[in-house]
**Student:** 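Before I ask anything, here is the structure I am working with.
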Amino acid sequence: MRRTYLLAAASLLAAPALLIAQTARPRYGSWGLELADMDRSVKPGDDFYEFAEGTWLKNHPIPADKVGAGYNYDLPDEIEGQVRQIVEEAAANPTSPTARKVGDFYAAWMDEQGIEARGLAPLRPYLAKIDAVRTRPALVRLMMHPGMPSPLNVGINADQDDPTRYTVNAGQGQLGLPVRDYYLLDGEKYVAIRKAYRDYLIRLQTLAGLSDPQGRADRIIALETRLSQDQWTPERRRDPVATHNPITRAQLTALAPEFDWDATLAAMGLGAAKTVDVAETTAVTATGKRLADVPLSTWKEWMTARFLSDHAAYLPRAFDQANFDFYKKTLYDVPEQRARWKRGIALLDDALGEAVGAIYVQRYWTPATQAKADELVADMRAAYRDKIQAASWMDDATRTAALAKLATFDPRIGHPAKWIDYSTLAVSRTDPLANAMASDAFGWRLALARFPHPVDRGLWYMTPQTVNAYYDPTMNQITLPAAILQPPFFDPNADPAVNYAETGATTIGHEMGHGFDDQGRQYDEKGRLRDWWTAASAAKYTVQADRLANQFDQYEPIPGTRIKGRLTLGENLADLGGLETAYAAYRRYVSRHGEPPVLDGFTGDQRFFLAYAQAWQGKRREGAQRAALLSDPHSPDKYRVNGIVRNFGPWYTAFAVKPGDALYLAPERRVSVWGPVKGD
């Protein structure tokens, strides 16, 4: 994954044939970088991120409605504008039943006056369902209904033992605060957040006209605190073996009998499921115990408050504002709510994303871009093949298996081959809350319809208009949506060094690297969770991974809050492996076409590393950064640059980094995913 909100593969490596013929100017600078963003008063070996981006960091403000600024915020703004035109045209002049649904969904969301006029009326039927619960089995069945809050997540995914078929999964659910640490950590900051959360719950319940909002808030927080104590940490949840526990229905009942599994699964449409893959086993057991020892009335209060909070955006403005004030202003330090139309576009992406995406692709995606992207992936695949074949720490058996996995790597680029059929989704032009619930129910019906059949490898879990990408280890697939394949992340008119760094390293190389990071390496060429490594090769790999985790444990972006080296290990390994491999691919290009000229005083290798640094342009508000450090598997942008290049010998050579420079690491202390290269 490339970014905190899943950004995995932002840029694409430009292939040699595409890089030679530059018929137009690149979007940024004269050859692909914004040199004015640099701070040349900083020594590269002391802080390479500041050297590459220091002036931008000093002078570029974070917009009032955003948690951060940088390329990964700017490009989505452009896409939003394009999608807005599509959606507003669909609302004004729908050309098909699906386009009408897009327009109606958006119109219902934008009708603030109507939402205010209807008040709590759309909400009451859902709260009444919660209020009508009289038994714990009925409570559990309601929790499992689409759109309803639940302390457990139950879903359908590819079976990790046999990714050609689907299985049922269960695991710990989301609480009111973003991650368990907010309930458990000491310190003034966390005490203040917990107080603000209590105030938020009181405010919501008061707006809804509920009795005893203060007492309800106290009981809800006490319940969530108990639940958080038993939840697994984000680091532990990264372990694919520990979180893979397929058990029979009888074993599931023994694990957490309070969930009345036979009746619950039948009510969900999963009565035929013979096994369930349980992720956080002890957390599931503990949650069942809380169902038994916490009063039913408190659980109903929890469901009510969570439903209000989860759907506050669809309710009158006071609810929406309360939600923003806590989750964005208090937690993430964002002073201003985003424009309503922008939030509507985001909601549409979840509800009818492929309906919008089909139109987006018609307007903005071309066969030429598809061909370029295909070529780029092929170039990086060749570079990875070279790296695997040359890795001295890999024995022959492991190398053969790694090459087999590389050969089955499946890149999907641009858009799905088959679009979702939204014909059974009912959309109201007047009730946005009903639309949100209908969308959740529709998504669940789609999953149920697929469950008895073989896994559909053509499904996409991002829309074409998403500035994002991802790697799926069970499918061994990288997915690159159309919207990400443009500047600043893909520019065929840029200097080769820029494209090899920005697209080869931070995107394709990074995503392919996830197939061999500490998690992905545990899946074989068919996507099965299976140990295909020899003990000797695994031991050598683990030494390097542990050293990288230990390095990142030392970084402290916020005083008192460090990066979690184990939590971020997969992304850091993918960053380092992507950089190593993309640089090798760039040097292959140079060997074919000759050493590039010096441009604006920078050699080709220097431009490569500068482009790598500028690809991570970004900064975040402290609250948002704190939340990320507690739960996000991605390191902050600065450390995805400084923490990576200091392990790579060619960067030292390019910028004459010497002992005494702040980032200098002695060669024996540097970490390498694929083994040393010339210059190490």
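The basis for the numbers below is simple: all heavy atoms, side chains too, and nothing from hydrogens, waters or symmetry mates.
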**Student:** Mind checking whether His514 and Tyr471 have parallel, tilted or perpendicular rings, split at 30° and 60°?
**Tutor:**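 Rings of His514 and Tyr471: parallel, as their planes differ by under 30°.
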**Student:** Determine, stepwise, if the pair Tyr364 / Ile79 fulfils side chain to side chain contact (heavy atoms under 4.5 Å, CB included).
**Tutor:** CA-CA 10 Å; Tyr364 298 105; Ile79 305 302; over 6 Å; no
**Student:** Do the charged groups of Lys418 and Asp456 touch, with an N to O distance under 4.0 Å?
**Tutor:** no
**Student:** Using 0.5 Å steps for rounding, measure from the CD atom of Gln160 to the OH atom of Tyr523.
**Tutor:**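 It comes to 3.5 Å.
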**Student:** Between Lys564 (side chain only) and Glu235 (backbone N and O only), is there a donor and an acceptor less than 3.5 Å apart?
**Tutor:**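 No, the answer is negative, given that no donor and acceptor are paired below the 3.5 Å cut-off.
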**Student:** Going from OH on Tyr106 to CG on Leu347, what distance comes out if it is rounded to the nearest 0.5 angstrom?
**Tutor:**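 Rounded to the nearest 0.5 Å, the OH-CG separation comes out at 10.5 Å.
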**Student:** Take Asp472 and Arg412, measure what salt bridge (charged side-chain N to carboxylate O under 4.0 Å, His left out) needs, and give me the verdict at the end.
**Tutor:** CA-CA 11 Å; Asp472 182 344; Arg412 289 112 52 86; over 6 Å; no
**Student:** For Tyr541, does the six-membered ring have the charged nitrogen or CZ of Arg521 within the cation-pi criterion, i.e. under 6.0 angstrom from the centroid and within 45° of the normal?
**Tutor:** yes
**Student:** Keeping Thr398 on the side-chain end and Thr534 on the backbone end, is there a donor-acceptor pair under 3.5 Å?
**Tutor:** yes
**Student:** Which pair of heavy atoms, one from Ile130 and one from Phe307, lies closest together, and at what distance?
**Tutor:**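 Smallest heavy-atom distance, with atoms named: CD1-CB, 4.4 Å.
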**Student:** Is there a donor-acceptor contact under 3.5 Å from the side chain of Gln231 to the main chain of Gly173?
**Tutor:** yes
**Student:** Could you measure the distance from the CD1 atom of Ile115 to the CG atom of Leu315? Nearest 0.5 Å is fine.
**Tutor:** 8.5 Å
**Student:** Is the closest side-chain heavy-atom distance between Pro163 and Lys526 below 4.5 Å?
**Tutor:** no
**Student:** Can you say whether the rings of Tyr183 and Tyr197 are parallel (under 30°), tilted (30 to 60°) or perpendicular (over 60°)?
**Tutor:** perpendicular
**Student:** Donor-acceptor check, side chain of Glu571 to backbone of Thr568, threshold 3.5 angstrom: yes or no?
**Tutor:**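 Judged by distance alone, no pair lies under 3.5 Å.
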**Student:** Please indicate whether Arg100 has more than 12 foreign heavy atoms, meaning atoms of other residues, nucleotides or ligands, lying under 6.0 Å from its CZ.
**Tutor:** no
**Student:** Decide if atom NZ of Lys328 counts as having more than 12 heavy atoms of other residues, nucleotides or ligands within a radius under 6.0 Å.
**Tutor:**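 Result for NZ/Lys328: open.
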**Student:** Work out which heavy atom in Arg381 is nearest to a heavy atom in Ala407; give both atom names and the distance.
**Tutor:** NH1-O, 3.8 Å
**Student:** Going by heavy atoms in the side chains, are Met512 and Leu406 under 4.5 Å from each other?
**Tutor:**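 Yes, side chains in contact.
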**Student:** Please report the interatomic distance CG(Leu127) to CE(Met303), rounded to the nearest 0.5 Å.
**Tutor:**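 Spacing of CG (Leu127) from CE (Met303) equals 10.0 Å.
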**Student:** Counting distance only, does the side-chain N/O of Asp260 pair as donor-acceptor with the main-chain N or O of Pro137 below 3.5 Å?
**Tutor:**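 It does not hold such a pair.
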**Student:** Could you tell me if the side chain of Asn323 sits less than 4.5 Å from the side chain of Ser309, heavy atoms only?
**Tutor:**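 Yes; the side chains approach each other to less than 4.5 Å.
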**Student:** Do the side chains of Arg457 and Asp410 get close enough for a salt bridge, i.e. N-O under 4.0 angstrom?
**Tutor:**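 A salt bridge links Arg457 with Asp410.
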**Student:** Does the ring centre of Tyr327 sit less than 6.0 Å away from the ring centre of Tyr200?
**Tutor:** yes
**Student:** Taking side chain as C-beta onward, heavy atoms only, is Leu175 less than 4.5 Å from Tyr182?
**Tutor:**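 SC-SC contact between Leu175 and Tyr182 ruled out.
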**Student:** In this structure, are over 12 heavy atoms from other groups packed under 6.0 Å from Lys342 atom NZ?
**Tutor:** yes
**Student:** CG of Asn245 to CG of Asn169: how many Å apart, nearest 0.5 Å?
**Tutor:**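 CG of Asn169 is found 11.0 Å from CG of Asn245.
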**Student:** Are Glu280 and Arg237 within salt-bridge range, i.e. N to O under 4.0 Å?
**Tutor:**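 Salt bridge present between Glu280 and Arg237.
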**Student:** For Asp440 and Met148: C-alpha separation, side-chain torsions, deciding distance, then whether side chain to side chain contact (heavy atoms under 4.5 Å, CB included) applies.
**Tutor:** CA-CA 9 Å; Asp440 288 338; Met148 284 293 181; over 6 Å; no
**Student:** Taking the side chain as everything from C-beta on, heavy atoms only, tell me whether Phe326 gets closer than 4.5 Å to Leu201.
**Tutor:** no
**Student:** Looking only at atom types and distance, does a side-chain atom of Tyr422 sit under 3.5 Å from a main-chain N or O of Glu354, one as donor and one as acceptor?
**Tutor:**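 Flag set: sc Tyr422 to bb Glu354 pair under 3.5 Å.
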**Student:** So does Ser428 get a backbone contact from the side chain of Asn435, meaning a donor-acceptor N/O pair under 3.5 Å?
**Tutor:** yes
**Student:** Would you mind telling me which of Thr164, Val455, Thr167, Asp277 makes a side-chain contact (heavy atoms from CB on, under 4.5 Å) with Asp159?
**Tutor:**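 Testing Asp159 for a side-chain contact (heavy atoms from CB on, under 4.5 Å) against Thr164, Val455, Thr167, Asp277 leaves exactly one candidate, Thr167.
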**Student:** Ignoring hydrogens and angles, tell me if any N or O in the side chain of Trp532 forms a donor-acceptor pair with the backbone of Glu525 under 3.5 Å.
**Tutor:**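 No: the side chain of Trp532 does not pair with the backbone of Glu525.
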**Student:** Any heavy-atom pair between the side chains of Pro149 and Asp310 that's under 4.5 Å?
**Tutor:**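 Counting from C-beta outward, Asp310 and Pro149 do come under 4.5 Å.
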**Student:** In terms of the angle between their ring planes, are Trp299 and Trp302 parallel, tilted or perpendicular, with boundaries placed at 30° and 60°?
**Tutor:**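 Trp299 and Trp302: perpendicular rings.
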**Student:** Go through the steps for Ile388 and Arg399 under the test side chain to side chain contact (heavy atoms under 4.5 Å, CB included), then give the verdict.
**Tutor:** CA-CA 7 Å; Ile388 293 170; Arg399 190 186 331 278; 3.9 Å; yes
**Student:** Quick one: closest heavy-atom pair of Phe442 and Asp421, and the distance?
**Tutor:**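 In this case the closest contact between Phe442 and Asp421 is CZ-O, 3.4 Å.
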**Student:** Give the minimum heavy-atom separation between Val168 and Ala273, together with the two atoms involved.
**Tutor:**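 Heavy atoms of Val168 and Ala273 come nearest at CG2-CB, 3.7 Å.
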**Student:** Would you call Arg238 and Asp518 a salt bridge, taking side-chain N to carboxylate O under 4.0 Å as the test?
**Tutor:**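 Asp518 and Arg238: salt-bridged.
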**Student:** Do Val241 and Gln522 touch side chain to side chain, with heavy atoms closer than 4.5 Å?
**Tutor:** yes
**Student:** Taking the side chain as everything from C-beta on, heavy atoms only, tell me whether Leu291 gets closer than 4.5 Å to Leu139.
**Tutor:**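 A side-chain contact under 4.5 Å exists here.
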**Student:** Specify the closest pair of heavy atoms between Met475 and Ala158, including all atoms of both residues, with the distance to one decimal.
**Tutor:** CE-CB, 3.9 Å
**Student:** What's the spacing between Leu184 CG and Ser228 OG if we round to 0.5 Å?
**Tutor:**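 So the gap between those two atoms works out to 4.0 Å.
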**Student:** So, Lys300 side chain and Val133 main chain: donor-acceptor pair closer than 3.5 Å or not?
**Tutor:** yes
**Student:** Answer yes or no: is there a donor N or O on one side and an acceptor on the other, between the side chain of Tyr470 and the main chain of Thr479, under 3.5 Å?
**Tutor:** no
**Student:** When you check the gap from the basic side-chain N to the acidic O, do Arg343 and Asp320 get nearer than 4.0 Å?
**Tutor:**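 Result for this pair is yes, salt bridge flagged.
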**Student:** Please indicate whether His244 has more than 12 foreign heavy atoms, meaning atoms of other residues, nucleotides or ligands, lying under 6.0 Å from its NE2.
**Tutor:**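 More than 12 within 6.0 Å, yes.
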**Student:** Applying side chain to side chain contact (heavy atoms under 4.5 Å, CB included) to Leu485 and Ile413, what does each step give before you reach the verdict?
**Tutor:** CA-CA 9 Å; Leu485 303 178; Ile413 297 170; 3.7 Å; yes
**Student:** What are the two closest non-hydrogen atoms of Asp230 and Ala283, and how far apart are they?
**Tutor:** O-CB, 3.4 Å
